[in-house]
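Below is one structure; the comments refer to it alone.
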Amino acid sequence: MLKRTVSIVAITVALLITLYFFAVRSLITSSSTGPFGGTWAIDMPNSDTAFGGLFYAHYIDDSLPYYRYRRIDDSIKRIKDAISLNNRSMGSGTSIGPVAVMEITAYKPFWWENTAAKDPVMKSLQDSADMLDKAIAATENHDSLENIKQLLGDVRWRINVHSNQKLRDEHHYAEKQYYLGLNGYTPRDQHTQFFLDENGFNLAYVVWDSVHRRTFDSTVYGHYERKKIPVRYAAAERRILIPITKQQHRYAALALEWGWFPLLFLGIYLFIGLPLQIVLNISKGRAFTIKNIHRFRLMSVASLVYALLGTFLPYVLRLIFQDLIPHELELVSFSRNLFSQISTYFMALVLYLISLAFQKGYSLQQDNSLTI
């Protein structure tokens with residue numbers, strides 16, 4: 001009769017871990033198709049100024065002289081870039097787990113136009129560029145044309161350098177805004193967008209009007225509407241930003257920045273220092289000791305606490321700030337968040353089982369000592 005060589009425990013563990021990775025992959029690869037199957041078509045409000053320039057498509061008369069066309073086009077692009085930068089809500093700060101503290105510079109879309117009109121250096125450079133553009137249009141001699149183009153390139157380089165210096169000065173003195181951030185939020189509808197205007201924070205969201213159904217698929221038609229909200233949103237960082245005062249920001253930033261170092265120390269102590277101490281004790285023939293058992297259990301408890309905080313803290317914060325969080329922005333689902341912490345829960349279980357094994361080894365070692 002053949003002896004069983006397959007370990008039931010090993011098979012169970014391997015199966016559970018495989019199922020975990022299968023579930024994670026399923027969550028990652030699954031994607032929402034929105035409220036309707038098939039395709040969609042949205043009436044874009046390109047000429048509507050009610051969306052803070054979010055969808056605005058500008059038109060410039062192409063019959064204008066090139067130098068005038070270029071100046072107008074550059075001006076519009078600068079304004080749109082400033083609007084886009086504000087809407088992206090990028091800033092500097094500290095982020096730990098589900099929370100962050102941020103400082104964001106308030107850019108003024110029409111700042112450069114006002115600065116250029118009052119800056120004699122910039123006005124002189126732009127006038128020189130316009131004069132050289134006119135000279136290029138009127139010059140037929142190849143050598144002269146190349147010299148003028150080189151001069152124009154030098155002038156535009158100086159315009160760029162001067163503009164960058166002015167922008168750095170503006171960034172230094174510009175108004176700063178302060179926020180408490182909640183991480184992990186995404187729009188419920190992929191078409192929802194955040195934007196700012198003179199009245200504050202807003203969301204542009206799609207209202208689905210009708211559906212044209214065909215034999216095998218359908219097309220849904222909708223249009224954009226706007227909604228004022230009490231918070232800012234950074235789409236790239238998936239972060240809701242709640243306005244706070246400068247003093248509140250100072251205290252919160254200090255708490256996160258200084259709190260990071262004790263957490264770092266604790267993490268290194270628990271998951272690098274203690275394992276090294278255990279390995280050192282084993283190498284000296286002191287494997288099954290009370291101290292090693294306590295070390296494994298301490299690492300197990302720490303892993304469990306970390307996993308529980310990662311699992312539940314984002315939802316506790318959502319409950320606290322539920323009156324401020326717009327319905328159109330949702331936190332990652334509990335199941336997905338739980339799966340992201342499964343490896344930590346598993347590590348806590350393994351460390352606890354190892355502590356039980358060492359406890360058994362310690363008991364046998366004590367019994368053997370008494371027998372001798």
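What's counted below: heavy atoms across the whole structure, side chains too, no hydrogens, waters or symmetry copies. Residues take their numbers from the sequence shown, with the count starting at 1.
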Interatomic spacing from [atom1] in [X] to [atom2] in [Y] - rounded to 0.5 Å:
{"X": "T289", "Y": "I282", "atom1": "OG1", "atom2": "CD1", "value": "9.0 Å"}
{"X": "N202", "Y": "K227", "atom1": "CG", "atom2": "NZ", "value": "11.0 Å"}
{"X": "K284", "Y": "L280", "atom1": "NZ", "atom2": "CG", "value": "4.5 Å"}
{"X": "W260", "Y": "T94", "atom1": "CH2", "atom2": "OG1", "value": "10.5 Å"}
{"X": "M131", "Y": "L152", "atom1": "CE", "atom2": "CG", "value": "10.0 Å"}
{"X": "E328", "Y": "I229", "atom1": "CD", "atom2": "CD1", "value": "8.0 Å"}

Between the main-chain N or O of [Y] and the side-chain N or O of [X], is there a donor-acceptor pair closer than 3.5 Å?
{"X": "S124", "Y": "P120", "result": "no"}
{"X": "N87", "Y": "Q193", "result": "no"}
{"X": "N337", "Y": "T311", "result": "yes"}
{"X": "D43", "Y": "H223", "result": "no"}
{"X": "Y315", "Y": "L331", "result": "no"}
{"X": "S300", "Y": "A348", "result": "yes"}

Where is the tightest heavy-atom contact between [X] and [Y], given as atom of each residue plus distance?
{"X": "L241", "Y": "M102", "result": "CD2-CG, 3.8 Å"}
{"X": "T186", "Y": "R238", "result": "CG2-CD, 3.3 Å"}
{"X": "S128", "Y": "V155", "result": "CB-CG1, 4.3 Å"}
{"X": "L313", "Y": "P98", "result": "CD2-CG, 3.8 Å"}

Before accepting this row, confirm whether a basic side-chain N of the pair D127/K123 lies closer than 4.0 Å to the acidic partner's carboxylate O. yes

Under a 4.0 Å N-O cut-off, is there an ion pair linking K176 with E103?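 Salt bridge absent between K176 and E103.
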
Should [X] and [Y] be regarded as members of a common hydrophobic cluster, given that ILVMFWY residues are connected when their side-chain heavy atoms come within less than 4.5 Å of each other, either directly or indirectly?
{"X": "L353", "Y": "F296", "answer": "no"}
{"X": "L329", "Y": "F334", "answer": "yes"}
{"X": "L317", "Y": "Y233", "answer": "yes"}
{"X": "F271", "Y": "Y269", "answer": "yes"}

Please assess R250 against Y178 for the test side-chain contact (heavy atoms from CB on, under 4.5 Å), listing each intermediate value before the final yes or no. CA-CA 9 Å; R250 184 185 302 114; Y178 306 97; over 6 Å; no

Within-4.5 Å side-chain heavy-atom neighbours: [X] and [Y]:
{"X": "L180", "Y": "F321", "value": "yes"}
{"X": "Y185", "Y": "R318", "value": "yes"}
{"X": "F265", "Y": "P262", "value": "no"}
{"X": "L351", "Y": "M347", "value": "yes"}

Go through N281 and R295 one step at a time and tell me if the side-chain contact (heavy atoms from CB on, under 4.5 Å) criterion holds. CA-CA 12 Å; N281 287 353; R295 286 167 183 146; 2.7 Å; yes

Let me see the working for Q341 and Y306 under side-chain contact (heavy atoms from CB on, under 4.5 Å), right down to the final yes or no. CA-CA 9 Å; Q341 300 292 336; Y306 180 83; 4.3 Å; yes

Ring geometry between [Y] and [X] (parallel below 30°, tilted from 30 to 60°, perpendicular above 60°):
{"X": "W40", "Y": "H191", "value": "perpendicular"}
{"X": "F261", "Y": "W258", "value": "tilted"}
{"X": "F51", "Y": "Y224", "value": "perpendicular"}
{"X": "F201", "Y": "F194", "value": "tilted"}

Should N183 and E237 be marked as a side-chain contact (heavy atoms from CB on, under 4.5 Å) after you check the CA-CA gap, both sets of side-chain angles, and the distance that decides it? CA-CA 8 Å; N183 298 328; E237 290 78 18; 5.9 Å; no

Under a 3.5 Å threshold, yes or no: a donor from one side chain and an acceptor from the other, between Y179 and S89?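 No, no side-chain donor-acceptor contact under 3.5 Å.
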
CZ of R297: more than 12 outside heavy atoms within 6.0 angstrom? yes

